[in-house]
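Contents: one structure, followed by commentary.
By convention in this document, chain letters (A, B, ...) are assigned in the order of the sequence lines, proteins followed by strands, and residues within each chain are numbered from 1.
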Protein chains: 2
Amino acid sequence: MSTRADVAKLAGVSESTVSYVLSGKRPISDSTKQRVLAAIDQLGYKLNYAAAALAGGSPRMVTMMTSNLFLAPPSRIDGALVDGIVNGVRGSGFHSVIWPISNEDDSDIEMLLELNFSGGVILMNVMENDPRVHTLERAKVPFVVLGRTEVGFAYNYVDRDFENVYKLALAHLKELGHTHIGVISGNSEIHDFLKKAAAKLKLTLNLLSIRNNHDGGITLAKDFTKKYPNVTGIISLLDIATVSFVNAATSQGISIPGDISIVGVNMLEEQAESSSPKISTVAFNAYEMAISCGKIMVEVIEAGKNSKKKKSELWVGDFIDRGSTSQL
Amino acid sequence: MSTRADVAKLAGVSESTVSYVLSGKRPISDSTKQRVLAAIDQLGYKLNYAAAALAGGSPRMVTMMTSNLFLAPPSRIDGALVDGIVNGVRGSGFHSVIWPISNEDDSDIEMLLELNFSGGVILMNVMENDPRVHTLERAKVPFVVLGRTEVGFAYNYVDRDFENVYKLALAHLKELGHTHIGVISGNSEIHDFLKKAAAKLKLTLNLLSIRNNHDGGITLAKDFTKKYPNVTGIISLLDIATVSFVNAATSQGISIPGDISIVGVNMLEEQAESSSPKISTVAFNAYEMAISCGKIMVEVIEAGKNSKKKKSELWVGDFIDRGSTSQL
DNA sequence: CGAAATCATCGACGCGCGTCGATAATGTAG
DNA sequence: CTACATTATCGACGCGCGTCGATGATTTCG
């Protein structure tokens, strides 16, 4: 393993010059820069991670902090997000790592920060008013939240523009004449953005709360028309259960889109096309969004502590018609 | 953030004494040991990760190296394994981290090693003759393979004792009078251990190769009895598809265990109990196995380069009767 | 009681790199 | 040609810790 000293010797310059070539924090003439880079290439020199961190450089490593990636039934979406982040930061010469935290215990987070081996943190699977955000804030680590946790507090985030995603889905259903809309969700309450969007369009919402698994969808399909005679349109916030629901409903004689129109807003294309019939969605480009999140993370790290400006991004997708909706 | 110097000053000892208290590599009298520990406690001192790594200490961090955790449909089993490893090493004061590698490209692995921020590597999702094993071997990093990749090459591993797992499942089916056994698998060939076990018991195997998803199970169930009239017993190496198969077969009038007896060998209990009827299995204690793997990893790291002895462990589970098999 | 062995502890050095202050080389204006 | 700003480069130091050799304290044995 060659060191900075080896590179300096081979290039005939001082060690600090090598450092400045790499960091670009001081001007270096083109000629020496070339020589140094050639030496680096020839020796296959790699920056020693630990030494750089010790000497005060921010490590070129991004940590994805996630708690429920492995406890809950794993979703394709989580996979797409992880994958996107990895590729997003890779392009900038950063590495990425997943830091599994087992529970609500803060000690895992603080461990990570104390180790100081991570240049930035991407917080995933956030909840409303997630306390971890404040832990990160206090620790003064550059971080980006994938999702949003609360208002009135400035932080970097990348999220879906749920306000418009819901509006898009509901507007489509309303245009087709549907007024009583079922909401397939894993929560016991309807999300505020969704309530607001429905109110504006004067639609009636009906919460259909199920677990996001195969069983959840099947259970919901059973006696659906008897239980929810008014519901003709559905907006679904789940993925796995939605596929099962559509399959199950169809096989027991409910026609989609004849009897029920359904729009998914939280599914990957692959999933939306795995059911029969296929499911129209408001596209959720999870992978692309995660790539962008990774890039923003890198920008935030490189901007350094000096920059107080927070970056954020909201993603809407197009409505993709796969034929699961029709005129009432 | 307090340092070793702070602790030394407070305890009234030299810095090296503090180090030796922590590492235990030189004898320290009880009285000073107590004083040092008290000072550490009082200051909330934490070993600086980067400095320790730089100075040559092996970092108290374990890296799980996995490629297809996020590309393939995620399985509950992978989750259980990750979770087990995390908890297994946590008990020994190690941290663990997932290093996602995107493809067959070795550069990701070498990056990890060059960074030298990992005390040991647990290689997951290994294939037969996995080249990564040799990369790790060459790099002289302590590593443990979760699974087995090839014979005639000494490395640390933890794996299921497939030879006996298969034997247990097949013997059970044979006792009940089944002679033509279907093998539900995702591969295009039958695993050697399984072939051998069948040969010894004079059973005929019939490969039923499907994808490990909901569709795979349903497709297989369709016209099963027409396509495979001889097959009365099944040993399934998949999890998700098996649940779907059992559900689908049952709902189209095939009686389990009346018409077909089935034994799963690669499922979590939770999964085996989610179908109707439930599925008898040879228990796969993935979580417990992973905990053990984590502990072995720590042992290997702490044994250091001096110890040439390789550790390995093979796990068999009990046959758990859930009523999915019966006398022919 | 003195010499040797053992034990507990200390001091110093180096790991590889980031960065500050200083210096040498070059350019600019008076 | 001198005085001074600018640019390019160097040398030295410190980050926090692991570890080796050395020192002083204590015990053991002849």
Can you list everything that forms a side-chain hydrogen bond (donor to acceptor under 3.5 Å, both in side chains) with B/T32? Sequence neighbours excluded, please. B/S29
Mutual orientation of the aromatic rings belonging to B/H95 and A/W99 [parallel < 30°, tilted 30-60°, perpendicular > 60°]: tilted
Are B/T3 and D/dC15 close enough that a side-chain N or O sits under 4.0 Å from OP1 or OP2? no
Just to confirm, is there a sub-4.0 Å distance from OP1 or OP2 of C/dC7 to any side-chain nitrogen or oxygen of B/S29? no
Would you say B/S292 and B/E313 are linked by a side-chain donor-acceptor pair, where the criterion is simply a distance under 3.5 Å? yes
Does a donor on one side chain and an acceptor on the other come within less than 3.5 Å for A/T17 and A/S14? yes
Taking the six-membered ring of B/F284, is the NZ or CZ of B/R160 close enough (under 6.0 Å from the centre) and on axis enough (within 45°)? yes
Quick check: do B/I291 and B/I85 have side-chain heavy atoms less than 4.5 Å from each other? no
Please round to the nearest 0.5 Å and tell me the distance separating atom CE of B/M65 and atom CZ of B/F143. 9.0 Å
For the student: nearest non-hydrogen atoms of A/V126 and A/L146, plus distance: CG2-O, 4.0 Å
Taking atom [atom2] of [N] as reference, at what distance in whole Å does atom [atom1] of [X] sit?
{"X": "B/N48", "N": "D/dG16", "atom1": "CG", "atom2": "C1'", "result": "6 Å"}
{"X": "B/K9", "N": "C/dG11", "atom1": "NZ", "atom2": "P", "result": "14 Å"}
{"X": "A/D30", "N": "D/dA8", "atom1": "CG", "atom2": "P", "result": "9 Å"}

Do nucleotides 18-27 of chain D as a string where each nucleotide becomes B, S or -: B if the base has a protein heavy atom under 4.0 Å, S if just the sugar-phosphate does, - if no protein is that close. BBBBB-----
Regarding B/V18, tell me which of base, sugar-phosphate or nothing describes its non-hydrogen contacts under 4.0 Å with the strands shown. nothing
Tell me the bend of the helix from C/dC1-D/dG30 to C/dG30-D/dC1 as the angle between end helix axes, each from five pairs, rounded to the nearest 10 degrees. 50°
